[in-house]
Amino acid sequence: MDRISRPPARQGKPRRSASRLVTVLLLIVAGAACSTIDLRTLESEDGQPGGLAANAGGLVTPQQRAVAAAKWGLGRPPLAAPPPPAVKPALETPSGFFRGPGLIPAITRVPTTDNVVFLTIDDGTEKDPQFAAMARELGVPFSAFVTDSAIRDDYGYYRDLHAHGHAIHNHTLTHPQLTQLEPEDQHAQICGQQDILQHEFGTRPALFRPPFGDFDRDTLVIARECGVRVAPLWSEEAFPDRLEYRRGDRKLHPGDIILTHFNGPRQWGGSMTDMLRLVLRKVTEQGMALARLEDYV
């Protein structure tokens with residue numbers, strides 16, 4: 001840092017004026033800090049980048065978001081999520097699912113009245129740098145649920161996402177249908193992936209999503225033994241050309257979890273940037289903002 005030379009202090013009124021100027025400058029700096037937070041410095045209790053960090057892991061002002069929205073073909077910028085709740089809501093597995101003592105909650109939505117929904121992305125086959133840039137420039141949070149067999153050829157792509165504030169979670173080693181496996185094989189799939197992700201990213205994931213959303217009582221017991229707290233499922237699924245709803249009203253509700261995949265033209269006929277553009281339009285049109293799932297569960 002360059003050394004700043006200061007003139008000798010004067011006595012009397014000029015000194016008070018200088019003091020007043022310093023105060024004004026400090027207030028300006030403080031105000032700027034409030035409007036452009038360095039999101040990468042925040043961490044949550046699980047060691048993942050936290051708070052607003054998932055909003056692309058950098059300095060994203062409303063002006064920058066507006067410019068990025070125009071660049072990426074959005075009619076208007078996405079809405080900013082409110083501050084994370086001071087206390088996370090209590091989670092409960094819906095009726096019809098396995099639930100009870102010793103089982104982690106398996107949820108399709110978060111019980112909140114905040115106008116927020118959560119974007120989650122599975123597997124890891126497509127490693128699209130344009131998608132990563134779009135999410136970063138727009139300040140879009142998402143959570144990745146990765147499978148080792150899909151990402152082992154390029155863990156660097158996911159380390160970069162993690163460095164920019166996106167949490168990386170467990171989606172098993174090879175994406176099997178867990179209910180067709182013996183408990184010891186389920187244990188190998190879940191705990192084995194926990195070990196790899198802890199080695200690659202420095203933290204043990206707190207969230208786990210069973211492939212195909214298919215699980216049994218053993219799955220939830222084993223996931224807990226492996227260090228998992230919650231198994232998020234989903235309420236909607238996103239594609240480049242549509243958003244599929246599980247409810248008959250075809251609307252987003254506060255706390256909904258949106259599923260999509262790290263896919264590309266070969267699987268979809270469209271790109272991940274097409275998918276994100278559609279999600280942001282639908283979410284914004286319905287008065288919602290994308291928030292960070294880890295801030296709520």
Side-chain angles (χ1 to χ4, degrees), residues 37-60 81 84-85 88 91 104-105 110 118-129 131-137 139-175 186-211 219-220 222-232 257 260-262 272 290-297:
I37 302 171
D38 188 348
L39 305 175
R40 287 166 296 189
T41 64
L42 304 177
E43 283 197 351
S44 69
E45 63 185 23
D46 60 6
Q48 301 277 13
L52 295 175
N55 289 0
L59 299 175
V60 182
K88 294 180 180 181
L91 304 177
I104 62 171
V110 174
F118 308 98
L119 180 62
T120 62
I121 313 179
D122 281 8
D123 300 345
T125 304
E126 187 76 11
K127 303 161 185 73
D128 185 348
F131 166 76
M134 182 179 180
R136 183 172 62 252
E137 292 173 16
V140 172
F142 63 83
S143 302
F145 290 80
V146 297
T147 299
D148 178 66
S149 60
I151 73 171
R152 66 173 59 140
D153 63 329
D154 190 2
Y155 262 94
Y157 179 83
Y158 293 92
R159 280 193 288 269
D160 186 63
L161 292 181
H162 183 260
H164 284 90
H166 304 290
I168 309 294
H169 294 294
N170 189 333
H171 198 44
T172 71
L173 289 172
T174 62
H175 206 276
Q186 289 201 43
H187 188 279
Q189 284 284 336
I190 300 169
C191 286
Q193 181 69 334
Q194 288 286 88
D195 293 341
I196 289 174
L197 295 179
Q198 183 172 14
H199 172 75
E200 292 290 341
F201 301 102
T203 58
R204 200 163 183 83
L207 308 183
F208 161 71
R209 174 174 285 157
T219 309
L220 301 182
I222 291 166
R224 182 178 183 180
E225 292 172 352
C226 297
V228 173
R229 291 189 290 102
V230 184
I257 300 171
T260 191
H261 294 82
F262 286 99
M272 292 195 70
L290 288 177
R292 186 174 182 270
L293 181 61
E294 295 75 19
D295 289 336
Y296 285 78
V297 302

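Since this is a predicted model, take the numbers as computed values, not measurements.
- Sequence neighbours left out, the pairs with a member in residues 186-201 that pass salt bridge (charged side-chain N to carboxylate O under 4.0 Å, His left out) are R159-E200, D195-R204.
- Within the 4.5 Å cutoff, the side chain of V230 has no heavy atoms near those of the I104 side chain.
- Between the CG atom in N170 and the CD atom in Q198 there is a gap of 11.5 Å [rounded to 0.5 Å].
- In terms of heavy-atom proximity, T174 sits nearest to S149 at CA-OG, 3.6 Å.
- For the pair F145/P232, a side-chain contact is recorded, criterion being any heavy-atom separation below 4.5 Å from C-beta on.
- The shortest heavy-atom contact between F262 and D123 is CD1-C, 4.4 Å.
- A donor-acceptor distance shorter than 3.5 angstrom exists from the side chain of Y157 to the backbone of D128, with no hydrogens or angles considered.
- Judged by distance alone, with hydrogens and angles left aside, the side-chain atoms of Y158 form no donor-acceptor pair with the main-chain N or O of A144 at under 3.5 Å.
- Here Q186 contributes atom CD and T219 contributes atom OG1; the two are 3.5 Å apart, rounded to the nearest 0.5 Å.
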Do H175 and D122 pass the side chain to side chain contact (heavy atoms under 4.5 Å, CB included) test, and can you show the C-alpha distance, the side-chain angles, and the key distance before you say yes or no? CA-CA 10 Å; H175 206 276; D122 281 8; 5.8 Å; no
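- Contacts of A188 classified as side chain to side chain contact (heavy atoms under 4.5 Å, CB included), with partners at least two apart in sequence or in another chain: none.
- Atom CD1 of residue I196 and atom CZ of residue R152 lie 7.0 Å apart, to the nearest 0.5 angstrom.
- H171 places a side-chain N or O within 3.5 Å of a backbone atom of R209 that can act as its donor or acceptor partner.
- For the pair Y155 and L197, the minimum side-chain heavy-atom distance is below 4.5 Å.
- Contact annotation: the side chain of S143 approaches that of H169 to within less than 4.5 Å [non-hydrogen atoms, C-beta and beyond].
- When atom types are taken as modelled, the side chain of K88 and the backbone of P85 share no donor-acceptor pair closer than 3.5 angstrom.
- The shortest distance between side-chain heavy atoms of R229 and L91 does not fall below 4.5 Å.
- Note that CD of E126 and CD1 of I151 are 14.0 Å apart. Values are rounded to the nearest 0.5 Å.
- Of the options T260, T120, L161, L293, a side chain to side chain contact (heavy atoms under 4.5 Å, CB included) to F142 is made by L161 and by none of the others.
- Across all non-hydrogen atoms, the minimal contact from K127 to D154 is CD-CB, 3.5 Å.
- Closest non-hydrogen pair, V140 versus H166, comes out as O-CE1, 3.1 Å.
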Could you give me the CA-CA distance, side-chain angles and deciding distance for Q193 and T172, then say whether side chain to side chain donor-acceptor pair (under 3.5 Å) is met? CA-CA 5 Å; Q193 181 69 334; T172 71; over 6 Å; no
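- Using a 4.5 Å cut-off on side-chain heavy atoms (C-beta onward), E294 and L207 make contact.
- H187 approaches E225 most closely through the heavy-atom pair CD2-OE1, 4.1 Å.
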